[in-house]
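Report on the structure given below.
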Amino acid sequence: MSLEEKENLLSTPLHGIYIPVGLIVVGTFIVKREWTFYSVIFALSLAALKIMRGQPKKVLKPDVFQEFELKEKTIISHNVAIYRFGLPHANDILGLPIGQHVSIAASIDGKEIVRSYTPTSSDDDRGYFDLLIKSYPTGNISKYVAGMQIGQTIRARGPKGNMVYRPGMVRAFGMIAGGTGITPMLQIIRAILKNPNDKTEISLIFANVNADDILLKDDLDDLAAHNDNFKVHYVLNNPPEGWTGGVGFVTADMIKAWCPLPASDIKILMCGPPPMVSAMKKATTELGYDKAKPVSKLDDMVFAF
């Protein structure tokens, strides 16, 4: 039995098992003692069935879109929100490996539109998954989701992607994110920092236009304050007065200063607007990292989501 399975078993409400089992056995012993052996067999069978039902079920299917109902909408800013979608049952989990994403689909103006998103929730969260989405004026899925009402549904399938994080994969990560490109980074960051045995070092460069655009900054600052193996450097195009972070676009000098140097036991992860990712690929190559490939693979030193 794996560690995850043991944790799931321990999370099962055992008081809902041993009390009924005890009542069945004791009651049978009092009323008809000779049937006690059979009552024990029956009670244990019921207990085993309840434990099995208590195990979380993975919901995602890689080749089949399923409908998920919008349960909550938490406004972050004028064009950003966290959308919570319910899973079929309260004990269900999405079933998304760390580093992967889901495909979201909708019919818009008679066309099937599909976009990829990384949930900000994880399989530690049962019964739902969260998507952090920024709505763009020219967006398709983002505008569609922003216009959804509670109770409406979206279609999703997965897991998708070539990155699957495992503890000890590398000695250190250098992460470069722009805007909502923070979501796959945050997924990996949280997975590392919640595991006391995972000592992977993480250096994040997070670029945005304005200070108000920095998504989940409180969460990131809290994680950095309580974990010595995580540091974050913010970069703004339009910094406010008194800003002490980076200014302008992410440069090769910033990457050299904040990210781990090229080595066989490190990875550089990047996610953001295509022009930014393209510039970062060029910069990392100039700094001596392996040249990024058009489609990133798990073993690549430089991986673009």
Side-chain angles (χ1 to χ4, degrees), residues 76-80 99-101 104 115-120 131-143 160-163 165 172-189 202-217 219-220 224 230-240 243-262 266-298 300-305:
I76 303 299
S77 68
H78 70 283
N79 62 351
V80 179
Q100 301 218 306
H101 56 265
I104 301 298
R115 294 290 184 270
S116 295
Y117 291 95
T118 302
T120 54
L131 296 179
L132 175 70
I133 297 179
K134 182 174 183 178
S135 178
Y136 295 93
T138 58
N140 290 312
I141 293 292
S142 65
K143 285 178 61 178
K160 302 289 183 182
N162 293 326
M163 168 61 70
Y165 176 74
F173 278 118
M175 299 179 174
I176 308 170
T180 53
I182 189 62
T183 54
M185 309 302 182
L186 186 60
Q187 185 190 53
I188 295 174
I189 291 168
I202 315 163
S203 300
L204 169 67
I205 299 175
F206 189 17
N208 289 275
V209 177
N210 303 303
D212 291 343
D213 297 325
I214 304 176
L215 302 173
L216 304 173
K217 186 176 187 298
D219 291 355
L220 292 169
F230 173 53
K231 60 181 181 179
V232 55
H233 179 61
Y234 300 105
V235 180
L236 294 179
N237 283 3
N238 303 318
W243 175 254
T244 58
V247 177
F249 296 112
V250 177
T251 64
D253 287 340
M254 291 181 190
I255 297 172
K256 185 176 181 180
W258 285 90
C259 292
L261 298 175
I266 68 98
K267 281 187 186 295
I268 300 296
L269 307 181
M270 53 184 69
C271 187
M276 174 186 174
V277 171
S278 179
M280 294 304 94
K281 286 182 177 181
K282 182 179 179 181
T284 51
T285 301
E286 293 173 350
L287 289 170
Y289 298 94
D290 291 350
K291 185 176 181 179
K293 298 175 182 176
V295 178
S296 297
K297 301 296 183 182
L298 183 61
D300 293 348
M301 179 186 290
V302 178
F303 187 100
F305 288 94

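Excluded from the calculations below are hydrogen atoms, water molecules and symmetry mates; all remaining heavy atoms, backbone and side chain alike, are included. If you read the sequence from its start, that first residue is 1, and numbering goes on from there.
D290 is not listed as a side-chain neighbour of D300, based on a closest heavy-atom distance of 4.5 Å or more. By the 4.5 Å heavy-atom criterion applied to side chains, D213 and V80 are not counted as neighbours. Using a 4.5 Å heavy-atom threshold, the side chains of S77 and D212 count as separate. A heavy-atom distance below 4.5 Å is not found between the side chains of Y234 and N208. At least one side-chain heavy atom of N162 sits under 4.5 Å from a side-chain heavy atom of V295. Looking at I255 and Y289, their side chains come closer than 4.5 Å, going by heavy atoms from C-beta outward. Between M301 and I266 there is a side-chain heavy-atom pair separated by less than 4.5 Å. Annotation: side chain of V302 is not in contact with side chain of K267 (no heavy-atom distance under 4.5 Å).
Here L131 contributes atom CG and H101 contributes atom NE2; the two are 12.0 Å apart, rounded to the nearest 0.5 Å. Rounded to the nearest 0.5 Å, atoms CD1 (I176) and OG1 (T284) are 6.5 Å apart. Summarising the geometry, atom CZ belonging to F206 is positioned 10.0 Å from atom CE belonging to M185; distances are rounded to the nearest 0.5 Å. How far CD1 of I133 is from OG1 of T120: 9.5 Å, rounded to the nearest 0.5 Å. With rounding to the nearest 0.5 angstrom, the OG1 atom of T183 is 10.5 Å from the CD1 atom of I188. Rounded to the nearest 0.5 Å, atoms CD1 (I189) and CZ (F173) are 10.0 Å apart.
By the side chain to side chain donor-acceptor pair (under 3.5 Å) test, Y165 is found to be paired with D198, T200, residues two or more places apart in sequence or in another chain being considered. For N238, the side chain to side chain donor-acceptor pair (under 3.5 Å) partners are N210, not counting sequence neighbours.
The shortest non-hydrogen separation linking V235 to W243 is N-CZ2, 4.4 Å. Taking each heavy atom of A304 and V277 in turn, the nearest pair found is CB-CG1, 4.0 Å. Of all heavy-atom pairs between Q100 and M163, the closest is CG-O, 3.1 Å. When all heavy atoms of A252 and L287 are compared, the pair lying nearest together is O-CD1, 3.5 Å. Between C259 and G174, the shortest heavy-atom distance links the atoms SG-CA, 3.9 Å. Between F303 and L298 the shortest heavy-atom distance is CE1-N, 4.2 Å.
Classification of the H233-W258 ring pair by plane angle, with boundaries at 30° and 60°, yields parallel.
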*Go through L236 and I214 one step at a time and tell me if the side chain to side chain contact (heavy atoms under 4.5 Å, CB included) criterion holds.*
CA-CA 9 Å; L236 294 179; I214 304 176; 4.0 Å; yes
*asked:* Please determine whether side chain to side chain contact (heavy atoms under 4.5 Å, CB included) holds for the pair L215 and L186, giving the CA-CA distance in whole Å, both sets of side-chain angles, and the decisive distance to 0.1 Å.
replied: CA-CA 11 Å; L215 302 173; L186 186 60; over 6 Å; no
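Put simply, the side chain of K134 never gets that close to the backbone of S142: no donor and acceptor are under 3.5 Å apart. Between the K231 side chain and the A224 main chain, no donor and acceptor come within less than 3.5 Å of each other.
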